[in-house]
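A note on names: the letters A, B, ... follow the listed sequences, proteins ahead of strands, and every chain is numbered from 1. This structure is a prediction, so every number in the text was calculated from the model and none was measured.
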Number of protein chains: 2
Amino acid sequence: MEKVVADTLKRSQLSVTDSRKRILEFFHHSDGALAHGDIEKLSGDQFDRVTIYRTLQTFVEKGIIHSIPTADNSIRYALCQQECEAGHHHDNHVHFVCDSCGNTFCLNHVTIPPVQLPEGFTSKQTDVVVSGICKKCGINP
Amino acid sequence: MEKVVADTLKRSQLSVTDSRKRILEFFHHSDGALAHGDIEKLSGDQFDRVTIYRTLQTFVEKGIIHSIPTADNSIRYALCQQECEAGHHHDNHVHFVCDSCGNTFCLNHVTIPPVQLPEGFTSKQTDVVVSGICKKCGINP
DNA sequence: AATTTTTTGCAACGTTGTTGCAAAAGATTA
DNA sequence: TAATCTTTTGCAACAACGTTGCAAAAAATT
């Protein structure tokens, strides 16, 4: 794991630092998406808030993670698939927010259905966020 | 118009006040969605920030307006269709955010396509936000 | 018109996110 | 490995956004 995250950072031409390694590991260990606050808690105030903000920004720019739109106003992030490169996100999967546990998941195998727009509108990106009950919470409510 | 907004407020069992009338009129006059900040500017500091926040909350609860999920973390609101009642939103249309002018529109006639979820997941609501270039900006870039 | 209820505005506070700058850590070179 | 250069971090300060409690004002009710 240690090695995997270091390689990811190098591949993105980023200096391999403590905070970047730790934060990237959090994403690998999490099965859902993470918000800034989650990382702050996970790290136990090991890093400055500002460092976390900047690291997340950098990761988004480099195509390591992507942000997920949500109805409340907290930005959540999740790991990108391999196909994402710096400045070029191809995350065309559906996101799922569980109303019970609050977790956000990438449904990597559920692709965005086509949307028919009115005349004159041009689409660049489509985000689909489904909310409801996730698999785990459906079993143990 | 004056009459229409007053009626809407009464129908929702709300006191008819200056701020509520004005803020509701803003929504009727706007062709896109409005954020808290937009209303603050439109009203020219006529109302306190807090009043605007509370009015928006109340309108959402009463089913007069609904909030729109966005990729950045600003909450935007738009008028509901007639079918919405207090505590029961049925806004199953697609939202469009223009990358050029920044406006957010409800595409009331574009319905949400069905999404096939993995086993064990139950859907309660689906939000679709398309970003790109709107009709106006496509004509006058 | 008087009373009750609701709403508003103010003040204060908390969270979230950003920017500039010096110190520290990482990368690079010899 | 040490010296140098580059990048990143942490701190301080700031700005935007949003919430809560409470007294005054406005709306509804009688």
Using only modelled atom types and a 3.5 angstrom limit, is any donor from either the side chain of B:Arg54 or the base of D:dG18 paired with an acceptor on the other?
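No, no donor-acceptor pair under 3.5 Å.
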Pair of N/O donor and acceptor under 3.5 Å linking D:dG18 base with B:Arg49 side chain:
yes
Per [X] side chain, nearest of listed nucleotides [options]:
X       : options               : result
A:Phe47 : C:dG9, D:dG10, D:dT9  : D:dG10
B:Arg20 : C:dT7, C:dT19, C:dC10 : C:dT7
B:Ser15 : D:dT9, C:dT18, C:dT6  : C:dT6
B:His36 : D:dC11, C:dT7, D:dG18 : D:dG18

Between atom [atom1] in [X] and atom [atom2] in [N], what is the gap in whole Å?
X       : N      : atom1 : atom2 : answer
B:Asp45 : C:dC10 : CG    : C1'   : 15 Å
B:Asp48 : D:dA26 : CG    : C1'   : 15 Å
A:Leu56 : C:dG17 : CG    : P     : 10 Å
B:Leu9  : C:dT6  : CG    : P     : 16 Å
A:Ile75 : D:dA16 : CD1   : P     : 17 Å
B:Lys41 : D:dA16 : NZ    : C1'   : 11 Å
B:Lys62 : C:dT6  : NZ    : P     : 11 Å
B:Leu14 : C:dT7  : CG    : P     : 7 Å

Closer than 4.0 angstrom, basic N to acidic O: yes or no for B:Asp7 and B:Lys3?
yes
Less than 4.0 Å between a side-chain N and a carboxylate O, is that true for B:Arg54 and B:Asp48?
no
Describe the nucleic acid contact of A:Gln57 in one word from base, sugar-phosphate, nothing, applying a heavy-atom distance below 4.0 Å.
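Counting heavy atoms under 4.0 Å across all strands, the contact made by A:Gln57 is with sugar-phosphate only.
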Residue of the set A:Leu79, A:Ile64, A:Val5 for which side-chain contact (heavy atoms from CB on, under 4.5 Å) holds with A:Phe27:
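Testing each of A:Leu79, A:Ile64, A:Val5 against A:Phe27, the sole residue satisfying side-chain contact (heavy atoms from CB on, under 4.5 Å) is A:Leu79.
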Pick from B:Val110, B:Val129, B:Thr126: which one makes a side-chain contact (heavy atoms from CB on, under 4.5 Å) with B:Val94?
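Only one option passes, and that is B:Val110.
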Over 60° means perpendicular and under 30° means parallel, so classify the ring planes of A:Phe121 and B:Phe105, tilted if in between.
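Judged by the thresholds at 30° and 60°, the geometry between B:Phe105 and A:Phe121 is perpendicular.
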Comparing B:Tyr53 with B:Asp18, nearest DNA chain D nucleotide closer to 5' gives the residue B:Tyr53
Is any side-chain N or O of B:Thr17 closer than 4.0 Å to OP1 or OP2 of C:dT7?
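For C:dT7, OP1/OP2 do not have a side-chain N/O of B:Thr17 under 4.0 Å.
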